[in-house]
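Everything on this sheet refers to the single structure shown next.
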Amino acid sequence: MSVPVEFYMVLSGLVFIIGLVGVLVRKNLIIILLSIELMLNATNINFVAFSSHFGNLSGQVFVFFALTVAAAEVAVGLAIIIALYRHHASINVDDFSLLKW
Amino acid sequence: MATFVFLYFAAVIVMAASLVVIVRNPIYSALSLLVMFFHVAGLYVTLHAEFLAAIQIIVYAGAILVLYLFVVMLLNVKQEESFNRQGPVALFLGVVLLTEAVLLTVSRGFTVGTPAPGREGAAVGNTESIGELLYSTYLFPFEIASLILLVAMIGAVILSKKGIMESQ
């Protein structure tokens, strides 16, 4: 346990920012969902690092819950993508402007 | 030695995460996310979270990513032409995040609290202690999690099944 917890925080921040940039920059809906997975994994790394740092297992339990939410998000998100593709034959976010003001 | 192991995992994680965003083909994107999931699991093992490492591989790499690959193969999308043009928004958000990080690091010093004195719980396995915590302290959130999964399952079926809403 010689790795300082700051290293894990920097790694987690990097992965989170990469995911954020992916959400902002890409147009493919599937890639946007994959970038959201990146951000969830960044928070999970942080949770586990601090759980190990403080010797408290609650952080690992919260990773468990984050994983549950990720699974639910993937199921609903991919179902929405399939429904959108069925109506518009496209998963480019530029083609969907119904909710834009 | 532990630092070298961490640096290897961190380098591969950051590179695979960048590839997810950079690569044009969604299949390659999903496969590089698979590489990242495996290395995050390796990081969990070095942090003495063996149960989460197994869950990471089984659930993330085994279930979630396979679902992504199914959808990618099912839709058969063409490679996208260009990246999105959201320069001002991305720049604003990046600057805000960066200044926030710098301010938090500089103004209050960079202390994360004292580490745990000793690693208790070495006698009890990682899975066993997590299970005890999950079924005692976090019992109610655990039940809520099962409810969330049920709602997601019903929602996915209703959204993706053709004609289930129009028939009434």
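Reminder, nothing fancy here: chain letters follow the sequence lines and each chain counts from 1. Keep in mind that the numbers below use all heavy atoms, side chains included, and drop hydrogens, waters and symmetry copies.
Every residue meeting the side-chain hydrogen bond (donor to acceptor under 3.5 Å, both in side chains) condition with A:N41, not counting sequence neighbours, appears here in chain and number order: B:Q56.
Contacts between B:L67 and chain A at a heavy-atom distance below 4.5 Å involve backbone atoms as well as side-chain atoms. Contact of B:F70 with chain A is not made at all, since no heavy-atom distance falls under 4.5 Å. Heavy-atom distances place both the backbone and the side chain of A:L34 under 4.5 Å from chain B. In this structure, the portion of B:L74 lying under 4.5 Å from any heavy atom of chain A is its side chain and not its backbone. Contacts between A:L14 and chain B at a heavy-atom distance below 4.5 Å involve the side chain alone, from C-beta outward. B:L93 touches chain A through its side chain: at least one heavy atom from C-beta onward sits under 4.5 Å away, while N, CA, C and O do not.
At least one donor-acceptor pair under 3.5 Å links the side chain of A:Y85 to the backbone N or O of B:L75.
Chain A is approached within less than 4.5 Å, heavy atom to heavy atom, by B:L33, B:M36, B:F37, B:V40 from residues 32-41 of chain B, ordered by number.
Listed options B:S146, B:A10, B:G155 were ranked by heavy-atom pairs under 4.5 angstrom with chain A; first place goes to B:A10. When each of B:I148, B:V5, B:L43 is checked for heavy-atom pairs under 4.5 Å with chain A, B:L43 comes out on top.
By the 30° and 60° cut-offs, the orientation of the rings of A:F65 relative to B:Y138 is perpendicular.
The side-chain heavy atoms of A:F64 and B:L133, taken from C-beta on, include no pair separated by under 4.5 Å. The shortest distance between side-chain heavy atoms of A:L40 and B:Y60 falls below 4.5 Å.
Note: A:Q60 CD to B:T127 OG1 = 9.5 Å, rounded to the nearest 0.5 Å.
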